[in-house]
Amino acid sequence: MKFSRVKGVHDIYPPEVYVYQKIEETSKEIFRVYGFKEIRLPIIEHTELFQRSIGATTDIVEKEMYTFNDRAGRSITLRPEGTAGAVRAYIENGLYNLPSPQKFYYMGPMFRYERPQAGRFRQFHQIGVEAFGIAEPRMDLEVILLLQALLKRLGFNSLIFELNSLGCPECRPRYRERLIEFFSQKIGAFCSDCQRRFEKNPLRLLDCKVPNCIKERTDAPSILQFLCEGCIKHFEKLRTYLEDTDITYTIRHDLVRGLDYYTRTIFEIKGETLGAQSAIAAGGRYDNLVEEFGGPPTPAIGFAIGMERLASLIKTELYDKGPKAYIAFLGEGAEKVSMKIAESLRARGFWVELGTGGSLKAQLRRADKLKAEYAIIIGEEELKRSVLKWKRLSDGSEGEVMEEEITKVIS
RNA sequence: GCGAGCGUAGCUCAACCGGUCAGAGCACUGGACUGUGGCUCCAGGGGUUGUGGGUUCGAGCCCCAUCGCUCGCCCCA
């Protein structure tokens with residue numbers, strides 16, 4: 001019986017896992033200086049949480065969720081994204097009673113039942129942040145700066161940063177109506193996908209990549225012309241901030257997010273060599289979600305980074321570092337001593353691997369394979385005199401030291 | 001959910017028109033070199049050719065199904 005992994009999931013092990021560790025460590029460092037604290041959220045939630053937040057008619061909810069009934073008959077779903085759970089936790093734990101803003105980050109697996117392809121898997125990992133309590137564009141800026149700082153620290157200098165505003169419940173319906181009006185006159189000219197989407201979510205027609213559809217919609221109304229006064233002010237102020245902080249961005253009035261909860265600011269970071277999946281991070285405001293979930297009116301903004309997509313763009317060299325020392329021993333007496341020495345070196349923080357016994361040749365070969373920095377050799381001779389023979393594998397230099405002075409050599 | 005390509009040792013691949021084609025390199029283990037690695041040479045382990053049917057005297061090679069992988073569409077991080 002041979003088992004294989006479930007479709008669309010991956011095992012991540014050395015050396016690839018080091019890229020993930022680097023992303024995680026770098027992220028934590030950035031989160032610390034921006035004051036974002038970790039929140040660990042469950043991977044399963046009640047299905048309704050996602051239906052209500054992401055939107056019942058979105059693709060994610062309609063056909064991409066891992067949903068099952070637990071033994072008591074409750075409908076449970078493996079989280080397809082992180083914001084819904086974060087909002088739930090924020091309200092359920094009364095975190096709105098703490099000083100505003102409350103700023104969180106999380107990292108972990110998400111699940112979507114899709115056909116796997118480049119940059120898209122059924123289990124994938126996101127690093128996300130959510131900031132609750134500040135309505136002003138100041139927090140939009142902070143979150144964007146954080147994201148930019150993180151990407152910069154990871155070595156990215158020229159990723160594409162796209163920005164748009166989706167308006168609010170006051171102005172978006174007006175735009176939507178106007179858009180329906182615009183498209184309905186010439187809907188026949190659009191591709192079948194667009195015609196289908198027209199019914200469900202006309203905003204999505206702005207997103208189609210079919211050349212003819214792009215052409216047909218060139219003079220479609222822009223949402224930016226329909227924003228209410230509050231949304232315009234918010235957007236303009238954010239733009240000013242961005243320019244003041246030298247963040248280059250592109251306004252894409254056709255940038256649309258596939259989740260229903262977004263309001264006002266939305267943004268996306270794009271990479272290039274990712275096949276069809278170019279978005280490596282995306283997010284936006286969701287000023288009404290907390291209230292809709294029964295919490296106090298609380299504006300919020302967040303984003304998520306796709307770790308696999310980000311990792312695939314990081315070109316650091318992957319290599320396994322070896323141990324500081326490999327202890328080769330010859331004979332039983334030496335074996336005992338080598339264990340003792342290994343423990344004492346480990347206690348002092350050195351990575352030490354114990355030899356396998358057998359011929360010295362075999363042990364040295366092993367030390368070399370492991371990329372050990374030093375080999376420490378203990379045999380009858382050394383035992384008698386209480387010394388250790390050491391050899392630096394990189395240049396072949398060797399010598400002897402008293403047992404207790406070995407750290408002077410290998411430190 | 002739709003479409004295309006591909007599935008031979010751990011990895012990368014070979015096997016002419018279906019006829020000893022189940023192989024090589026790397027990796028792994030050991031030996032040559034019984035207390036000295038990386039080089040070289042030698043040996044060894046490891047595959048019911050993804051799985052199940054079918055066609056044929058005969059199939060890794062052809063056909064069907066199925067599973068998986070890869071890529072694209074849709075969608076999204």
Side-chain angles (χ1 to χ4, degrees), chain A residues 2-10 13 54 57-65 79-83 107-128 147 191-194 196-197 200-201 204 207-210 255-259 267-271 274-284 302-313 322 326 328-331 334 355-383 389-398:
Chain A
K2 196 177 174 186
F3 292 106
S4 57
R5 69 184 85 93
V6 168
K7 182 171 183 162
V9 307
H10 288 95
Y13 49 90
I54 300 169
T57 64
T58 57
D59 280 32
I60 293 179
V61 169
E62 271 188 343
K63 50 185 199 188
E64 296 175 1
M65 296 204 306
R79 63 182 184 192
E81 58 101 47
T83 300
M107 30 185 89
M110 306 292 165
F111 303 84
R112 292 183 199 173
Y113 193 88
E114 305 180 87
R115 277 290 282 276
Q117 68 187 66
R120 201 182 70 187
F121 317 105
R122 290 186 173 180
Q123 175 176 338
F124 58 101
H125 299 80
Q126 288 188 343
I127 296 179
L147 176 55
C191 69
S192 54
D193 278 328
C194 281
R196 183 175 49 77
R197 278 177 293 206
K200 273 167 52 179
N201 188 349
R204 293 226 69 92
D207 214 23
C208 181
K209 284 130 201 145
V210 175
L255 178 63
V256 185
R257 309 259 75 232
L259 291 69
F267 56 89
E268 192 166 300
I269 300 265
K270 286 183 169 177
L274 266 168
Q277 272 50 243
S278 58
I280 63 177
F303 69 77
I305 300 170
M307 281 183 84
E308 282 79 2
R309 294 183 183 179
L310 190 61
S312 74
L313 295 178
Y326 181 96
F329 61 87
L330 299 153
T356 52
S359 74
L360 180 59
K361 164 178 277 304
Q363 295 191 75
L364 281 178
R365 186 169 14 203
R366 204 179 189 80
D368 186 60
K369 289 247 170 67
L370 289 175
K371 300 190 181 93
E373 199 175 330
Y374 290 92
I376 293 173
I377 300 162
I378 311 175
E380 303 299 324
E381 306 265 320
E382 291 77 12
L383 267 188
K389 185 169 245 177
W390 57 267
K391 177 167 187 171
R392 192 193 295 153
L393 275 340
S394 56
D395 59 8
S397 59
E398 48 189 329

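Just so it is clear: chains get the letters A, B, ... in the order the sequence lines come, proteins before strands, and each one is counted from 1. Since this is a predicted model, take the numbers as computed values, not measurements. No hydrogens, no waters, no symmetry mates; every other heavy atom, side chains included, goes into these values.
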Between B/U36, B/U29, B/A77, spot the one nearest the side chain of A/Lys369, thanks.
B/U29
Tell me if the side-chain of A/Glu398 makes a donor-acceptor pair with the base of B/G37, cut-off 3.5 Å, by modelled atom types.
no
What does the 5'-to-3' dot-bracket notation of RNA chain B look like when only Watson-Crick and G-U wobble pairs under 3.5 Å count, and pairs to other strands show as |?
(((((((..((((.....[...)))).(((((.......))))).....(((((..]....))))))))))))....
Across the strands shown, which category fits A/Ile377 at heavy-atom distances under 4.0 angstrom: base, sugar-phosphate, nothing?
base
Under 4.0 Å from OP1 or OP2 of B/G37: is there any side-chain N or O of A/Lys361 that close?
yes
What nucleotide among B/C69, B/A77, B/C75 has an atom nearest to a side-chain atom of A/Lys7?
B/C69
Whether the side chain of A/Arg309 engages the backbone of A/Gly119 through a donor-acceptor N/O pair (distance < 3.5 Å, no angle test) should be reported.
yes
If I pick the P atom on B/G47 and the same atom on B/C63, what distance separates them, to the nearest angstrom?
29 Å
Can you check the distance between B/C26 and B/G18, where both ends of the measurement are the C1' atom (answer in whole Å)?
31 Å
Closest of B/U70, B/C74, B/C69 to the A/His10 side chain is B/U70
Of the candidate nucleotides B/A77, B/U36, B/G72, which contains the atom at the shortest distance from the side chain of A/Lys391?
B/U36
So if I define the base as every atom that isn't primed, P, OP1 or OP2, how would nucleotides 1-7 of chain B read as a B/S/- string at a heavy-atom cutoff under 4.0 Å?
BBB----
Same-atom distance (C1') from B/A14 to B/G23, integer angstrom:
7 Å
